[in-house]
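Data first, discussion second: the structure below is written as structure tokens.
Predicted model only: the values in this text are computed from it and were never measured.
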Amino acid sequence: MDVHDRRLLAGLAKVNTEIGRVTVELLTLQPDDAAYADGLRTLGRQLVGIGAELAARAGQLDGLQPKPHELLTTAEPPDEPS
């Protein structure tokens, strides 16, 4: 594991901590649609960002680069028709 991978995984740990904090905040939020939407947006951006970084690194290792829309649609490639 190189320095880049350690930084990437440290970033994942940071996002994971932030997800926990924002999730608890959303669970205790009084009815306020704007604040709730902002919290959901924050979580979504963080997850998409770290997901894209992880997928890019995997592509560097094995040469399989997913298209950007594939990162947003499914975690696993669909089964090919028989």
Side-chain angles (χ1 to χ4, degrees):
M1 181 181 309
D2 66 14
V3 172
H4 178 263
D5 291 333
R6 290 185 188 283
R7 287 186 184 139
L8 181 61
L9 294 175
L12 176 59
K14 182 178 178 183
V15 167
N16 189 45
T17 299
E18 184 68 7
I19 288 169
R21 186 192 66 74
V22 173
T23 300
V24 169
E25 190 176 293
L26 291 174
L27 286 168
T28 60
L29 193 64
Q30 296 299 315
D32 180 348
D33 288 345
Y36 189 70
D38 187 51
L40 293 176
R41 194 171 291 108
T42 296
L43 288 175
R45 285 181 178 145
Q46 290 175 341
L47 290 169
V48 168
I50 196 68
E53 289 182 48
L54 292 167
R57 179 59 179 142
Q60 291 172 347
L61 295 170
D62 65 12
L64 301 175
Q65 293 292 339
K67 293 178 177 72
H69 73 277
E70 293 172 340
L71 295 174
L72 299 174
T73 57
T74 182
E76 296 294 325
D79 292 333
E80 293 186 21
S82 302

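- Residues D2 and R6 have side chains not in contact (no heavy-atom distance under 4.5 Å, counting atoms from C-beta outward).
- The side chain to side chain contact (heavy atoms under 4.5 Å, CB included) check on D32 picks up A34, A35, with sequence neighbours excluded.
- Remark: A55 engages P66, L71 in a side chain to side chain contact (heavy atoms under 4.5 Å, CB included) (not counting sequence neighbours).
- When all heavy atoms of Q60 and Q65 are compared, the closest pair comes out as N-NE2, 3.6 Å.
- A distance of 5.5 Å separates CG in L12 from CG in L54, rounded to the nearest 0.5 Å.
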| request: Please report the C-alpha distance between L8 and I50 in whole Å, then the side-chain angles of each, then the deciding distance to 0.1 Å, and finally whether the side-chain contact (heavy atoms from CB on, under 4.5 Å) criterion is met. | output: CA-CA 8 Å; L8 181 61; I50 196 68; 4.2 Å; yes
Quick one: side chains of residues 36-45, donor-acceptor pairs under 3.5 Å with protein atoms, not counting sequence neighbours, listed by atom name and distance.
{"from": "T42", "atom 1": "OG1", "to": "D38", "atom 2": "O", "distance (Å)": "3.0"}

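- Applying the side chain to side chain contact (heavy atoms under 4.5 Å, CB included) criterion to A56, with sequence neighbours excluded, gives no partner residue.
- With sequence neighbours left out, D5 forms a salt bridge (Lys or Arg N to Asp or Glu O under 4.0 Å) with R57.
- Summarising the geometry, atom CD belonging to E53 is positioned 10.5 Å from atom CG belonging to L9; distances are rounded to the nearest 0.5 Å.
- With sequence neighbours left out, the side chain to side chain donor-acceptor pair (under 3.5 Å) criterion links E25 to R21.
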